[in-house]
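Letters A, B, ... are given to chains in the order of the sequence lines, protein chains preceding strands, and every chain is numbered from 1. Side-chain atoms are counted along with the backbone in the values below, which use heavy atoms only and exclude waters and symmetry mates.
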2 protein chains.
Amino acid sequence: MSLDREQVLRSAAALLTRKSTATMDEVARAAGIGRATLHRHFAGRDALVRALENLGIQEVEAALDAAALDEGSAQDALRRLVAAVEPSAGLLSFLVTENQLFEGEEVNEGWNRLDARVSAFFRRGQERGEFRIDLTPAWLTEALYGLISSAAWAVQDGRVASQDFKYMIVELLLGGARRSVEQ
Amino acid sequence: MSLDREQVLRSAAALLTRKSTATMDEVARAAGIGRATLHRHFAGRDALVRALENLGIQEVEAALDAAALDEGSAQDALRRLVAAVEPSAGLLSFLVTENQLFEGEEVNEGWNRLDARVSAFFRRGQERGEFRIDLTPAWLTEALYGLISSAAWAVQDGRVASQDFKYMIVELLLGGARRSVEQ
DNA sequence: TTTCGTTGAGACATTGTTGTCTCATATGGT
DNA sequence: ACCATATGAGACAACAATGTCTCAACGAAA
């Protein structure tokens, strides 16, 4: 009987990932429930988005945990991270765009936690001599988000094969486009 | 007397870059004109966005021309391109996001022209042996857009210094984050 | 000064979305 | 079988944004 809140959030995420302006009615129908029921479980659109925000943050944090960023080389850790975060890429992309709308309002502190962890990872990579030090950890973090979003859309629109998602992101982020003499 | 259409578009671009959901009223006030006047010159919000789309496409095409992508090394050409497109980065970011809302609808063919030119540039770079061939031109094009958007937002939010805009994008796109043995 | 065209301000109807409510129905537990 | 609870469908008001219209004021050119 009781509604599967998780499943509703999943389908909402899937829909809003494709069409970020979907109405509550569309979200409800996509979840196979009535609009009234959707409103009973999420006080309003804001509450729904906040719930999705928490879901997304939770997923990315789980990905960060699963990637075990401290083990082995930073490069391998980055590969594990991108692979682990791939299922959440669309949702992450939606949330990043959504967050750009909040002008000065208070943002979910979860984003700060994520930024701090990713940023710290890049900094450690720099300290270990694996990453360049002329690109700031903050920028590398932004770039990672940007590439994940771009790749998610490119895959969705069929411009990039979904199986290449991880490879394209990691290779570009690590090695760049330049054909260079490497180890 | 006659309204400066160009100046209105500029201020609309500046505002919508920061707040993509700004209303017609906000756009009008930002331009220092009345809402009625705004409506007299742009039939509606769609028309305004289309006009901004044309402006953005025109600016990026001008940047592509100015960058003279066929002259010298592909790497230097990319540096020129990013430098030339920097003033349009915010507008470009807004338009890219806006375009993601159009589900299957017909997109402005100008985007196809831009994509084709940028994509062809990366392909030539590959053929000249300057760029890796395991990253498709389509992906490199997407990645360039994504990094430009990310950088534009990062600068706007003060996470990246505006003077580092070009350097951050070009260095990451060309060389990646890995500290490698290079020429 | 007169005239013509443009503007700003505001009123107005329209539209789409949201949020609330009611009521009949269905489901699950007892 | 009974009851409590949750649901779906629909009605409803509230609200925000859009698009249209009118009218008075303004400025430039004759």
Quiz prompt | Under the salt bridge (Lys or Arg N to Asp or Glu O under 4.0 Å) test, residues paired with Arg128(A) that sit two or more places apart | solution =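 By the salt bridge (Lys or Arg N to Asp or Glu O under 4.0 Å) rule, Arg128(A) matches Glu130(A).
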How many Å lie between [atom1] on [X] and [atom2] on [N], as a whole number?
X: Asp46(B); N: dA17(D); atom1: CG; atom2: C1'; value: 13 Å
X: Leu48(A); N: dT17(C); atom1: CG; atom2: P; value: 16 Å
X: Asp4(B); N: dT7(C); atom1: CG; atom2: C1'; value: 15 Å
X: Asp25(B); N: dG10(C); atom1: CG; atom2: P; value: 11 Å
X: Met24(A); N: dG8(D); atom1: CE; atom2: C1'; value: 16 Å

Exercise. Tell me, please, which residues at least two apart from Val85(B) pass side chain to side chain contact (heavy atoms under 4.5 Å, CB included).
Key: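 Listed in chain order: Val60(B), Ala63(B), Ile148(B).
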Quiz prompt | Any residue meeting side chain to side chain contact (heavy atoms under 4.5 Å, CB included) with Ala138(B), in chain and number order, not counting sequence neighbours | solution =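 Only Thr136(B) meet the side chain to side chain contact (heavy atoms under 4.5 Å, CB included) criterion with Ala138(B).
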Exercise. Side-chain contact test, heavy atoms from C-beta onward, threshold under 4.5 Å: evaluate it for Arg10(B) versus Leu55(B) and give yes or no.
Key: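 Of all side-chain heavy-atom pairs linking Leu55(B) with Arg10(B), at least one is under 4.5 Å.
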Quiz prompt | Residues in contact with DNA chain D, drawn from residues 9-20 of chain A - heavy-atom cutoff 4.0 Å | solution =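 Heavy-atom contacts with DNA chain D come from no residue of residues 9-20 of chain A; none.
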Quiz prompt | Strand-adjacent residues in residues 29-42 of chain A, judged by heavy atoms under 4.0 Å from DNA chain D | solution =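 DNA chain D contact set from residues 29-42 of chain A: Gly32(A), Ile33(A), Gly34(A), Arg35(A), Ala36(A), Thr37(A), Arg40(A), His41(A).
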Practice problem: For side chain to side chain donor-acceptor pair (under 3.5 Å), just list the numbers for Gln126(A) and Arg132(A), CA-CA rounded to whole Å, side-chain angles, deciding distance to a tenth of an Å, and then say yes or no. | Solution: CA-CA 6 Å; Gln126(A) 290 177 327; Arg132(A) 305 163 57 165; over 6 Å; no
Exercise. Look only at the side chain of Ser20(B) and the backbone of Leu16(B), and say whether a donor-acceptor pair between them is shorter than 3.5 Å.
Key: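 Checked: no pair found.
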Exercise. Examine distances only and state if a side-chain atom of Trp139(A) and a backbone atom of Met168(B) form a donor-acceptor pair shorter than 3.5 Å.
Key: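 Yes, because the side chain of Trp139(A) sits within donor-acceptor range (under 3.5 Å) of the backbone of Met168(B).
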Practice problem: Tell me yes or no: between the side chains of Glu142(A) and Trp153(B), is some donor less than 3.5 Å from an acceptor? | Solution: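 On atom types as modelled, these side chains do not qualify, holding no pair under 3.5 Å.
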Quiz item: Are Gln156(A) and Arg18(A) linked by a side-chain donor-acceptor pair shorter than 3.5 Å?
Solution: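 Short answer, no.
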Quiz item: Should the heavy atoms of other residues, nucleotides or ligands under 6.0 Å from CZ of Arg117(B) be counted, would the total exceed 12?
Solution: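 Enclosed: over 12 neighbouring heavy atoms sit under 6.0 Å from CZ of Arg117(B).
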Quiz item: What do you reckon, is CZ of Arg45(B) surrounded by more than 12 foreign heavy atoms closer than 6.0 Å?
Solution: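 Enclosed: over 12 neighbouring heavy atoms sit under 6.0 Å from CZ of Arg45(B).
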N/O to N/O distances under 3.5 Å, protein versus nucleotides 13-16 of chain D:
none

